[in-house]
Amino acid sequence: MASVTLRGLTKSFGALQIIPDLDLEIADKEFVVLVGPSGCGKTTALRMIAGLEESSGGKISIGARDVTSLRPGLRNIAMVFQNYALYPHMNVGANIGYGMKARGESADAIKAAVAKAARIVALDKLLERRPKELSGGQRQRVAIARALVRDPDVFLFDEPLSNLDAKLRVEMRTEIRKLHRDLQATMIYVTHDQVEAMTLADRVVVMNGGRIEQAADPMTLYSRPANVFVAGFIGAPSMNFVAVTAVSGSAGPQIKLPDGGLLTPPAQFHTALLRLVGQPVIMGIRPEHLQESSDSPLLTMRVENVETLGSHRLLIGQLAGAPFTAQVQSGYSAVEGQSAGLSPDLSHLHLFDATTKLSLLGPQ
């Protein structure tokens with residue numbers, strides 16, 4: 001296996017620049033997930049690493065090799081696609097070993113490699129079946145096994161679970177994560193699903209507009225987002241944002257809510273807030289860090305919809321004219337069309353500069 005390094009990588013289609021200047025280092029044996037909304041450049045970046053897209057500028061290295069100008073077959077990578085790309089007329093064993101056969105490897109070598117790969121992905125009893133006789137999850141395992149027999153330096157995954165139903169996606173996430181632990185392989189995985197990113201990755205790279213907004217381990221992204229974009233993208237349901245004002249209180253800096261109420265944020269924000277007294281600030285709080293409060297609530301939202309999800313309920317509505325969601329206990333009897341009092345867990349408060357949209361805590 002090997003590391004992957006991108007230096008000043010760019011991609012343009014005519015006058016349209018998709019990726020302006022991408023720098024990223026992926027360590028040997030690391031599992032990195034590129035995540036972001038549609039059109040953010042994550043798939044284009046992956047395809048440039050694979051050699052399926054030609055870069056407009058910059059350098060791609062795999063280990064010590066500069067592969068920027070090499071065709072895909074010389075990069076020693078293996079790619080697993082969204083649509084499986086299996087040959088329908090071939091059985092599972094033939095699909096797994098097709099690449100080796102095309103390279104002219106011996107029948108004995110192909111048989112041994114196919115058997116080993118099939119055991120790893122639990123397909124060893126299905127080698128004679130055709131793709132049409134397999135479930136979606138089994139087909140994706142065939143595609144992964146076909147990648148395994150290449151013994152690549154790097155595995156690339158392009159939204160491999162997006163065609164599966166919810167239950168199968170959960171199962172396949174577990175299998176892919178276990179595969180990484182067993183193989184200790186370098187893996188780069190692209191998805192638009194932040195749940196996939198958070199559950200699979202050693203490190204998540206959040207992209208937007210062809211740029212990296214933040215690259216960190218999943219819990220850092222969740223608890224210490226670098227900016228409003230990352231804070232809103234990571235987490236389900238999304239973080240709530242409320243426009244507030246920094247003010248100076250008798251006991252230190254506070255934030256003034258739209259209804260005039262005051263909150264005293266944790267001490268780590270005080271230095272930054274003192275520089276912003278009288279200026280707008282963006283307050284962020286996740287739905288799961290709110291609790292119902294009928295006595296002296298710090299926040300009051302207008303409930304427009306209630307979703308009952310068994311272990312909890314989601315109150316969906318507005319606060320001070322902005323969309324707002326709260327996750328409360330299943331027994332809380334909120335009424336659609338009425339108000340609900342809430343209190344935030346201030347230890348999980350997030351504050352962002354209203355102009356730059358960056359966290360007031362600075363970079364992690």
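Residue numbers run from 1 in the order of the sequence given.
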Short side-chain to backbone donor-acceptor contact, [X] and [Y], under 3.5 Å:
X      : Y      : value
Gln138 : Ser135 : yes
Arg146 : Ala85  : yes
Asn95  : Met90  : yes
Arg75  : Thr68  : yes
Asn240 : Arg286 : no
Asp28  : Ala2   : yes
Glu54  : Gly51  : no
Gln214 : Ala226 : yes
Ser61  : Gly63  : no

Thinking salt bridges, do [X] and [Y] make one under a 4.0 Å N-O criterion?
X      : Y      : answer
Arg203 : Glu30  : yes
Glu105 : Lys101 : no
Glu25  : Arg7   : yes
Arg177 : Asp202 : yes
Asp182 : Lys178 : yes

- Query: When you look at Gln82 and Asp158, which way does the side chain to side chain donor-acceptor pair (under 3.5 Å) test go after all the steps?
  - Reply: CA-CA 6 Å; Gln82 176 180 343; Asp158 184 14; over 6 Å; no

Honestly curious: do [X] and [Y] fall in one hydrophobic cluster under the side-chain, below-4.5 Å linking rule?
X      : Y      : result
Leu70  : Met48  : yes
Val92  : Tyr98  : no
Ile282 : Leu319 : no
Leu221 : Leu351 : no
Met301 : Phe241 : no

- Candidate pair Asp345 and Gln291, rule side chain to side chain donor-acceptor pair (under 3.5 Å), full reasoning: CA-CA 8 Å; Asp345 181 347; Gln291 59 185 9; over 6 Å; no

- Query: Where is the tightest heavy-atom contact between Leu361 and Arg224, given as atom of each residue plus distance?
  - Reply: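 What the structure gives for the nearest pair is O-NH2, 3.1 Å.
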
- For the student: nearest non-hydrogen atoms of Asp21 and Gly8, plus distance: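 Closest approach of Asp21 to Gly8: OD1-CA, 3.0 Å.
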
- Query: Passes side chain to side chain donor-acceptor pair (under 3.5 Å), Ser106 versus Asp108? Steps please.
  - Reply: CA-CA 5 Å; Ser106 70; Asp108 288 343; 5.7 Å; no

Who are the salt bridge (charged side-chain N to carboxylate O under 4.0 Å, His left out) partners of [X], not counting sequence neighbours?
X      : answer
Arg141 : Glu175
Arg130 : none
Arg47  : Glu53
Arg150 : none

- Query: Does the pair Glu159 and Tyr189 meet the rule for a side chain to side chain donor-acceptor pair (under 3.5 Å), with working shown?
  - Reply: CA-CA 7 Å; Glu159 304 209 38; Tyr189 187 108; over 6 Å; no

Tell me, yes or no, whether the heavy-atom count around [X] atom [atom1], taken from other residues, nucleotides or ligands under 6.0 Å, exceeds 12.
X      : atom1 : value
Lys256 : NZ    : no
Tyr332 : OH    : yes
Arg65  : CZ    : yes

- Message: We want to know whether Arg313 and Ser330 form a side-chain donor-acceptor pair, criterion being a heavy-atom distance below 3.5 angstrom.
- Response: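 There is no such pair (donor and acceptor under 3.5 Å, judged by atom type) between the side chains of Arg313 and Ser330.
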
- Query: Does any pair with a residue in residues 249-289 pass ring-ring contact (aromatic ring centres under 6.0 Å, His included), and if so which ones, sequence neighbours excluded?
  - Reply: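 Listed by first then second residue: His289-His348.
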
- Item | Residue from Ile316, Thr325, Leu315 passing side-chain contact (heavy atoms from CB on, under 4.5 Å) with Pro287 |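 For Pro287, the side-chain contact (heavy atoms from CB on, under 4.5 Å) check succeeds only for Thr325.
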
- Message: Suppose we screen for side chain to side chain contact (heavy atoms under 4.5 Å, CB included). Which residues come up paired with Gln194, at least two apart in sequence or across chains?
- Response: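 Side chain to side chain contact (heavy atoms under 4.5 Å, CB included) check on Gln194 returns Met198, Phe233, Ile234, Ala236.
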
- Message: side-chain contact (heavy atoms from CB on, under 4.5 Å) for Leu6 and Lys59? Distances and angles first, verdict last.
- Response: CA-CA 6 Å; Leu6 312 181; Lys59 180 180 177 181; over 6 Å; no

